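Everything numeric here is computed off the predicted structure, so don't read it as measured data.
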Amino acid sequence: MTVIRLGGYSIRLRHRVLAAVLGSLAALVALAMWSAATGSTSLGLERVWYALIGQGTKGDEFILWTLRLPRLATGLAVGACMGLAGALFQTLTRNPLGSPDLLGLTQGATTGALIAIIVTGASLQTTAVLAAAGSLATGLLIWALTRGGDPSGYRLVLVGIGVSAILAGVNGYLLTRTTIVDAFRAVYWFTGDLSGRDFTQAAAVGTVLAAGVLVIALLSRGLDSLRLGEAAATGLGVHVGATRVTALVTASILTAGAVAVAGPLAFVALAAPHISARLTGSSRSFTVSAVVGALIVTAADMIAVAGVGDRQLPTGVVTGVVGGAYLIWLLIAHRKKGVMS
Amino acid sequence: MTASPLAAREATLGYGRNVISADLTVDIPEGEFTVIMGPNACGKSTLLKALARMLKPSHGTVLLDGKDIHHQPTRAVARRLGLLPQSPTAPDGITVADLVARGRYPHQGILRQWSAEDERVTGEAMEATDIADLASRGVDELSGGQRQRVWIAMVLAQQTPLLLLDEPTTYLDITHQIEVLELCAKLHREGRTLVAVLHDLNQAARYATHLIAMRGGAVVAEGAPADIVTAETVREVFDLPCRIIDDPESGTPLVIPSARARNLV
């Protein structure tokens, strides 16, 4: 435990959290550099550096600035958004499975995307906007349905599962109304992918991320107290209702931003907070969750680009496989330990 | 009646349409150890929740220092009034010192997260509850009685003159019940105003300096234990025929259920 005090400012840093933040950040930087250097054309770090400072060849600069960096930046921001959203949902539901997938936000985004694909024939922008709207609307719907009643995480989970089931039905119906070409596009979209993303999209999701980080910074101490239970948090002077609503809306916006740009990359939001918790111990850290989310998406995207044989894969295929395997491992490990944390 | 830092005024309390108490007026006397008691579903926990601002009256008000508790900033209230809930949850793997430190929340801000004052008060709270030597232990490794002392230490770290405790002895064995009640009595002697919901009538009579007996959502009797723990009141509140004798240890009233009461079952 290290305490830093400077005038009226004081903060307490747990060594383990500090180590987890620095360690995961270092891993992320290393992975990002590796990702920029490798791919179908291997540049190596030296050529990446020259291209980065504008002294590389035309070809190298094109590969770096047009193909790799926008995709890398988008992946980092999307992963961080999902890591934060997952951490918020798990805190709110007090459930280790709390995630945008479980609560129906992903299904809501898919509904929006399907409408866009059917009505507009899959313009990338309309799909993004309607997917974000679908995800946000689902978040608000869940909030409206849980408002007033027992505010426990349990109810939030059940309402979310209900909403998710309804939306899955709607999505199934919408798919039957598409042509085979649109249905293919839709399936491709809800697998989630980062190929062909440019800096505009990176900036959009980056803005959402920045806003989310700001709100979470203000909210995190209250959310920490909420982990003691509603009653204890009220006793400590936390605005329980306001904190929960703000957290739910923030998580929905973060999900919407990520899903709009990359589609619902499966399991990132679920896995990131769990891996983060393994790294930090009892004190949950939103920072580590965000960094781990970015790590998962970047790593998955590198595997996706490498592909199977000479075919690249959609990023979501890899995050799904990696995340699913992780979840099963988690459940088995817990069964062995005989506890569920 | 002495000055009352905390009071309910014609408060209607309940959950949704289910009204538990109507027009309830209660004064918590300053500097006393008040125990609210009564049979199951008499509204005692509901009253405590209302006093702790966890439940907003549908009519009437709860007053803290003479002002509506719901019109005061909740962090300011948290510096006046501490709450030990019935079943708080300790995050997995949290240490004793970290949990007690959570009590400093209403005194902290985003820039002022851990002042020298926070550190001193947290240490004092652990000394007062006799858990200082457990500071680096995990809360989940502790016994029920130790854990309850840790939660009380967290509430003490809030540094509030008023403490509300919702059934602090439930789920504890008799030794730990007495341990927790002795701690409460000590906190009362040091000058704090305590309000607790208790199940055990004899423990209430021994430790409380002021008793509030409830039944059917209403206050049936109120006053010093020696005055109100009588065979008549106990029969009225609990439907229990009994005799009252002097507790040979403390001299407080001791309720002895009548032998024939057993045959009623």
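Between chain A and the residues B:Gly109, B:Ala76, B:Gly82, the most heavy-atom pairs under 4.5 angstrom are made by B:Gly109. Contact count against chain A (heavy-atom pairs under 4.5 Å) is highest for B:Thr89 among B:Leu83, B:Leu99, B:Val155, B:Thr89. Of all the listed residues (B:Gln113, B:Arg79, B:Arg112, B:Gln158), the one sharing the greatest number of non-hydrogen pairs under 4.5 Å with chain A is B:Gln113.
Annotation for A:Gly235 and B:Ala78: closest pair O-CB, 3.5 Å, computed over non-hydrogen atoms. When all heavy atoms of B:Pro106 and A:Leu236 are compared, the closest pair comes out as CD-O, 3.4 Å. When every heavy atom of B:Pro85 is checked against every heavy atom of A:Ala232, the shortest pair comes out as CG-N, 3.5 Å.
For B:His59, the NE2 atom sits in a loose shell: 12 or fewer heavy atoms of surrounding residues, nucleotides or ligands are nearer than 6.0 Å. Environment of CD in B:Gln72: crowded, with over 12 heavy atoms of neighbouring residues, nucleotides or ligands closer than 6.0 Å. Summarising the local packing, OH of B:Tyr171 is surrounded by 12 or fewer heavy atoms from other residues, nucleotides or ligands at distances under 6.0 Å.
Inter-residue side-chain proximity for A:Leu228 and B:Trp151 is flagged as met; some heavy-atom pair is nearer than 4.5 Å. Side-chain atoms of B:Trp114 and A:Ile11, non-hydrogen and from C-beta on, never get closer than 4.5 Å to each other.
Looking at B:Glu119, only its side chain comes within 4.5 Å of chain A, counting heavy atoms on both sides. For a residue to count as touching a neighbouring chain, one of its non-hydrogen atoms must lie under 4.5 Å from one of that chain's; by this rule B:Ala116 touches chain A with backbone and side chain alike. Both the backbone and the side chain of A:Leu218 come within contact range of chain B, judged by heavy atoms closer than 4.5 Å. Contact of B:Leu81 with chain A is made through the backbone alone, with heavy-atom distances under 4.5 Å. Interface remark: A:Arg5 contributes side-chain atoms only to the contact with chain B (heavy atom separation under 4.5 Å).
Atom OG of A:Ser10 and atom CG of B:Leu111 lie 8.5 Å apart (nearest 0.5 Å).
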Derivation of the side-chain contact (heavy atoms from CB on, under 4.5 Å) call for B:Arg102 and A:Asp224: CA-CA 9 Å; B:Arg102 298 296 184 91; A:Asp224 240 15; 3.9 Å; yes
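Using modelled atom types, one side-chain atom of B:Arg53 and one backbone atom of A:Thr234 make a donor-acceptor pair closer than 3.5 Å.
Salt-bridge formation is detected for the pair B:Asp98/A:Arg14: a Lys NZ or Arg NE/NH1/NH2 atom is positioned less than 4.0 Å from an Asp or Glu carboxylate oxygen.
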